[in-house]
Amino acid sequence: MNVDRRGLVLGIALVLAAAALLVLGASVGSTGIESVLAARDDPVAWQILRDIRLPRTLGAWAAGALLGLAGAVAQGLFRNPLADPYLLGSASGAALAVAGVLAVFGGSGFAAQWLVRLGLTGAAFLGAVAGVLLTLVLARGVLHTLRLLLAGVIVGVVLGAARDLLTLADPDILQATQGFMLGSTGLVGWAACGVMLALLPPVLAVAWALGRMLDALALGETTASSLGLPLPAMRAALVGVLGLATGAAVAQTGLIAFVGLAAPHMVRTLAPAPHGRLVLLAALMGGVLLMAADVLARWLVAPQELPVGVLTAVLGGTYLLWLMHRRGRPGGLA
Amino acid sequence: MTALEARGLGAALGQGAQRREVLRAIDLRLPAGRWTSIVGPNGAGKSTLLRALAGLLPHAGEVLLHGRALASVSLRERARQLCWLGQNEGGADDLTVYDVAMLGRLPHRGWLAPPSAADHAVVERALRATQAWDWRERLLGRLSGGERQRVLLARALAVEAGVLLMDEPLANLDPPHQADWLALARSLAAAGRTVVSVLHEISPALQADEMVVLAAGRIVHQGACGDAATHEALAQVFDRRLRVRALDGQWIALPGEQDSGSGAR
């Protein structure tokens, strides 16, 4: 099967998987599938379905899609298969900004009001972009990947320390910040869903439109320059996409681990593609991954639930380990 | 006619205490429709010179493309007229051979415009010219070093630029494909294109029309590859540990101490 057709088949499979997981996500929870069966007659069951299960399941898809997209963009932009949105300071930047907003608004940040939501998303976005820019400044550009990753780690540690300091100074926000750090889809309502779903098409469109530039960049910065591409402007646009996508996802669901790193690699393993297609497929893959993790998080210890970020960390870590063992083989890591 | 000209070209690499001057006040004229090879010892500044000529490196002095200052030519226009092929271009493992060659058409295509029939025709021609057409659907990451080099060469050819600057284009190529590249370079020059190649192997470099001999960031000599003065310059920059001989109507360079009276005819 040629690579174009493999991409198409993977895309269709991921859409079908997302649809199936949406149904599954509506059926899993502390009250089980009874809520679905009784939804027509029982207003409480309908409310559980409409106001809790559907938005969180759909929200998990949207957040996963944003992270998958951001991961694909980060790996292409930084020409490093280990780059993920979080390794470059965007997540720690977003987390610090969110902690800052929570501190200012007194710990009620997860209230599902549009204005607060948008305020959080905006702060997380600005924090994410600032985190990436700080990494870029410390690394003196994107030419040296090792320096870049080191700078990302430094920014992560320093901004993390600042966030911890903020949390210590204002214990009221401790629980909210801790929940944020673990990552959860449990509090995603329709408002959060709307923010993420509204953001997805534009960032996806920009990333897709810059796919060719990422393809050319894969041959090296100098080659891309020699092809007449306005690299600084395109790099700025991609950093914007990276910050917006990560910031939006992080603001609504906290720090969900590994989805951004694993989704593009899974797409590359299953259906290698130019970046234009890779960003679309990585978004679909990220959506399915987080949706599946969300369903698992609710089902594994039902009626309790695991923080979904813990689950993605375990699953993603395992996948990364497997990828490392494939190292050196075609399609493997680096 | 001069295709590419350098005036007082200087360049430095590295930063701070490690900053090192690599090119010093280079004046150079590269004739149009000719194949010029740039040679010199390791660290002479060959690749840096090529990058500076392509406008891909901050430099002192001026580069003129067909008499116009390169800095005043827009990026896209420059990319259409001047093509640069680097050495050991890594990455792009997930792109098909065809997609990689199509990247060469970027300077000719509109923003977001799909490739035209003409683009497809050019890419096919380029891939056939480097015998890479048969594996057009394979992924770049699954190719050997030599196969990869041929695809990257096709990418450069697909630009259809009048001036081609190639850094070590023979790297990883086996002898038959080296011969193919040499024939290609000759045919490009015969068709009026200007070919400039940096080569560390002197024998293939001697098959060009002209040779620029570089040492320690300066041009030691520029002249026809068959000239005795060129051979003498080669012997000089390689510490007289290189001999140029004629064999079957071609010049070849042999490593080893130079005996008296050897070299040029």
Review point. When heavy-atom pairs shorter than 4.5 Å are enumerated against chain A, which of Leu165(B), Thr96(B), Leu106(B) gives the highest number?
Key: Leu106(B)

Review point. Checking heavy atoms, do the side chain of Arg105(B), its backbone, both or neither come under 4.5 Å from chain A?
Key: neither

Exercise for review: Would you mind telling me which of Gly76(A), Gly276(A), Ser226(A) has the largest number of heavy-atom pairs within less than 4.5 Å of chain B?
Suggested key: Ser226(A)

Exercise for review: Count the heavy atoms of every other residue, nucleotide or ligand shown that sit under 6.0 Å from CD of Glu137(B), and state whether that count exceeds 12.
Suggested key: no

Check your understanding: Does any non-hydrogen side-chain atom of Leu219(A) lie less than 4.5 Å from one of Leu152(B)?
Key -> yes

Revision key, fill the gap. Looking only at heavy atoms, the pair that brings Pro230(A) and Leu75(B) closest together is CA-CD1, 4.2 Å

**Study point:** Residue Asp93(B) versus chain A: region with a heavy atom under 4.5 Å
**Key:** neither

Practice item. Report the distance from atom NE2 of His275(A) to atom CG of Asp94(B), rounding to the nearest 0.5 Å. Key: 7.5 Å

Practice item. Can you check whether anything in residues 208-217 of chain A gets within less than 4.5 Å of chain B, heavy-atom wise, and list it by number? Key: Trp208(A), Ala209(A), Leu210(A), Arg212(A), Asp215(A), Ala216(A)

Exercise for review: Inspect the surroundings of CZ in Arg109(B) and state if more than 12 heavy atoms from other residues, nucleotides or ligands are less than 6.0 Å away.
Suggested key: yes

**Study point:** Side-chain touch Leu227(A)/Arg155(B), heavy atoms, less than 4.5 angstrom
**Key:** yes

Review point. Of the listed residues (Ala92(B), Gly91(B), Ala54(B)), which shares the most heavy-atom pairs with chain A below a 4.5 Å separation?
Key: Ala92(B)

Review point. Quick one: what part of Leu139(B) sits under 4.5 Å from any heavy atom of chain A, side chain, backbone, both or neither?
Key: side chain

Check your understanding: Does any heavy atom of chain A fall under 4.5 Å from the side chain of Leu112(B), the backbone, both, or neither of them?
Key -> both

Check your understanding: Do you know the tightest heavy-atom contact between Ala79(B) and Gly228(A)?
Key -> CB-N, 3.5 Å

